[in-house]
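Structure first, commentary second.
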Amino acid sequence: MKPEVDREATWLDLLRSLTALSPAWMVWKNVDSALHGFGDVDSVAPRRDWPLLEREFRSWAFRHGLGPVIACPHAPNLLHLVALHRSEPFFELDLSARKVFLGSTLFVAEDLSRLAITDGRGFRRIRPGAEGLLKLVNNGGQRDGRPNLDGLKRKRIPELLSSDPSGTRAAAFLFGPARRSIVALASAVVGGGWNRRAMLSVEAWFLGRAVLEPTSVLARIRFRRNRAWCPVLRAVFAGRLVPGDSVEWLHAVERHHTVHHDPRAERGP
C-alpha cells in the first residue's frame with residue numbers, strides 16, 4: 001500500500017511539537033516503523049501532561065487534514081490517540097504512564113528521563129540500547145525463558161543493543177536485583193545466542209514482585225475484557241484499519257468515546 005500522505009514529514013511535525021511542549025514526553029519504541037510505514041508511535045509521559053498532549057495531537061491532526069480524532073482510555077496506564085485518514089491505516093500515538101511486565105511495574109514515565117536523547121530528526125527519545133533492552137523482555141522472549149526468534153528479528157533487538165552498549169547498561173537499573181541477569185541476557189543476544197537462565201531470573205523477579213501490585217493484575221484482566229468489545233482497540237490490533245463502513249464504525253465508537261471533528265470543516269468555507 002502506497003501512503004497517500006508523506007507520513008514521515010507528518011509524524012515529525014507532531015513529534016517535534018510534543019518534544020517542545022512537554023519536557024517529560026519522549027518516544028520509547030517503534031518510531032521508525034511509523035515514520036517509514038504504517039506503525040504506531042509508543043511514547044511515555046506522566047498523566048499530568050496527557051491533556052496538553054492530547055490537545056496538541058488534535059491540533060496537529062486537523063492541521064494536516066486528518067481526522068476525526070479519537071482518544072481511547074480502555075487500556076491500563078495507556079491512552080491511545082487515533083487520527084483517521086481515509087482508507088489508509090490510521091495514525092496512532094500511544095501515551096504511557098506506566099509499563100507493566102508480568103504483573104509488576106517495569107517503568108513509569110519519570111524513570112526514563114535519564115535515558116533520554118535528542119534524535120537527529122529533532123524529537124526526544126530513549127537511547128537505542130535502552131529501547132533494545134525494554135524490547136528484549138517484552139518482545140524477545142517466551143514465558144518459558146526461551147527466545148522468541150521472530151520478535152528478536154522483527155523488533156531489531158540485537159541491532160539496537162549492539163549499537164549502544166552503554167545505553168543498554170544505563171537502562172539495567174529498571175530491573176532492580178535482576179539487573180545483572182538482564183545485562184547477561186543482552187550480552188548473549190548481541191553475540192548471536194541466548195541465556196535462558198538469565199531470562200528466567202528476570203521473569204522470576206517480576207513475577208515475585210507482582211504480589212505487591214494486585215491492581216496491575218486486575219487492570220490486565222479488565223484490558224482483556226475491553227479489548228473484546230472496544231471498537232478502537234479491536235482496530236488497533238487489526239492493522240489500524242477501520243473495518244467495514246466507517247460511518248457505522250464511528251457511531252459504535254461514539255458510544256464509549258469522544259470523537260473530535262475538525263471545527264473548520266464543520267464551519268465550511
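Everything numeric in this text was worked out from a predicted model, so none of it was measured.
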*Give a yes/no verdict on a cation-pi contact between R7 and F91, requiring under 6.0 Å between NZ or CZ and the six-membered ring centre and an angle within 45° of the axis.*
yes
*asked:* With ring-ring contact (aromatic ring centres under 6.0 Å, His included) as the criterion, how do H74 and H257 come out once you've worked through the C-alpha distance, each side chain's angles and the decisive distance to 0.1 Å?
replied: CA-CA 10 Å; H74 295 135; H257 306 78; 4.8 Å; yes
*Close side-chain approach of V41 to L15, heavy-atom, < 4.5 Å*: yes
*Can you check side chain to side chain donor-acceptor pair (under 3.5 Å) on S166 and R127, steps first, answer last?*
CA-CA 9 Å; S166 60; R127 298 180 59 162; 2.6 Å; yes
*Spell out, as yes or no, whether a donor-acceptor pair under 3.5 Å connects the side chain of N148 to the backbone of Q142.*
no
*Which is it for K99 and N77 under the side chain to side chain contact (heavy atoms under 4.5 Å, CB included) test, yes or no, and what are the steps along the way?*
CA-CA 7 Å; K99 180 65 178 177; N77 306 305; over 6 Å; no
*Any side-chain heavy atom of I70 sitting closer than 4.5 Å to one from L250?*
yes
*Flag the pair R48 and E110 as a salt bridge only when some basic side-chain nitrogen lies within less than 4.0 angstrom of an acidic carboxylate oxygen.*
yes
*Could you tell me whether a side-chain N or O of S162 sits under 3.5 Å from a main-chain N or O of P158, the two making a donor and an acceptor?*
yes
_R114 atom CZ, over 12 foreign heavy atoms within 6.0 Å_ = no
*Please check if atom CD in E248 has more than 12 non-hydrogen atoms from other residues, nucleotides or ligands closer than 6.0 Å.*
no
*Tell me, which pairs form a ring pair (Phe, Tyr, Trp, His ring centres under 6.0 Å) where one or both residues lie in residues 131-160, sequence neighbours left out?*
none
_Shortest non-hydrogen contact between S96 and L78, atoms and distance_ = OG-CD1, 3.1 Å
*Which atom pair, heavy atoms only, marks the closest approach of F101 to V202?*
CE2-CG1, 4.4 Å
*Per the side-chain hydrogen bond (donor to acceptor under 3.5 Å, both in side chains) rule, which among D119, T19, T118 passes with R125?*
D119
*Is there a side-chain contact between W28 and S43 (heavy atoms, below 4.5 Å)?*
no
*Does the ring centre of W60 sit less than 6.0 Å away from the ring centre of W11?*
yes
_Heavy-atom donor-acceptor pair, T168 side chain to D164 backbone, under 3.5 Å_ = yes
_Residue among L95, L93, N30 satisfying side chain to side chain contact (heavy atoms under 4.5 Å, CB included) with D42_ = N30
*Can you list every salt bridge (charged side-chain N to carboxylate O under 4.0 Å, His left out) pair that touches residues 55-64, not counting sequence neighbours?*
D13-R63, E54-R58
*Would you mind listing every side-chain hydrogen bond (donor to acceptor under 3.5 Å, both in side chains) that reaches into residues 190-202, with sequence neighbours excluded?*
S181-S201
*Return the set of residues passing salt bridge (Lys or Arg N to Asp or Glu O under 4.0 Å) with R86 (not counting sequence neighbours), or none when no residue passes.*
E4
_I182/L133 under side chain to side chain contact (heavy atoms under 4.5 Å, CB included): CA gap, chis, key distance, verdict_ = CA-CA 8 Å; I182 193 63; L133 202 67; 3.6 Å; yes
*Answer yes or no: is there a side-chain heavy-atom contact under 4.5 Å between R124 and S22?*
no
*Test log, rule side chain to side chain contact (heavy atoms under 4.5 Å, CB included), inputs V108 and V44*: CA-CA 8 Å; V108 296; V44 298; over 6 Å; no
*Could E131 and K29 be called an ion pair, given the rule that one side-chain N must be under 4.0 Å from one carboxylate O?*
no
*Could you tell me whether the side chain of W205 reaches within less than 4.5 Å of the side chain of L102, counting heavy atoms only?*
no
*Tell me, please, which residues at least two apart from D32 pass salt bridge (Lys or Arg N to Asp or Glu O under 4.0 Å).*
R121
*asked:* Between N138 (side chain only) and L134 (backbone N and O only), is there a donor and an acceptor less than 3.5 Å apart?
replied: yes
*asked:* Is the shortest side-chain heavy-atom distance between C230 and C72 below 4.5 Å?
replied: yes
*Could you give all pairs that pass the ring pair (Phe, Tyr, Trp, His ring centres under 6.0 Å) test and reach residues 121-175, with sequence neighbours left out?*
F175-F206
*Keeping the roles fixed (side chain from R234, backbone from W229), state whether a donor-acceptor pair exists under 3.5 Å.*
yes
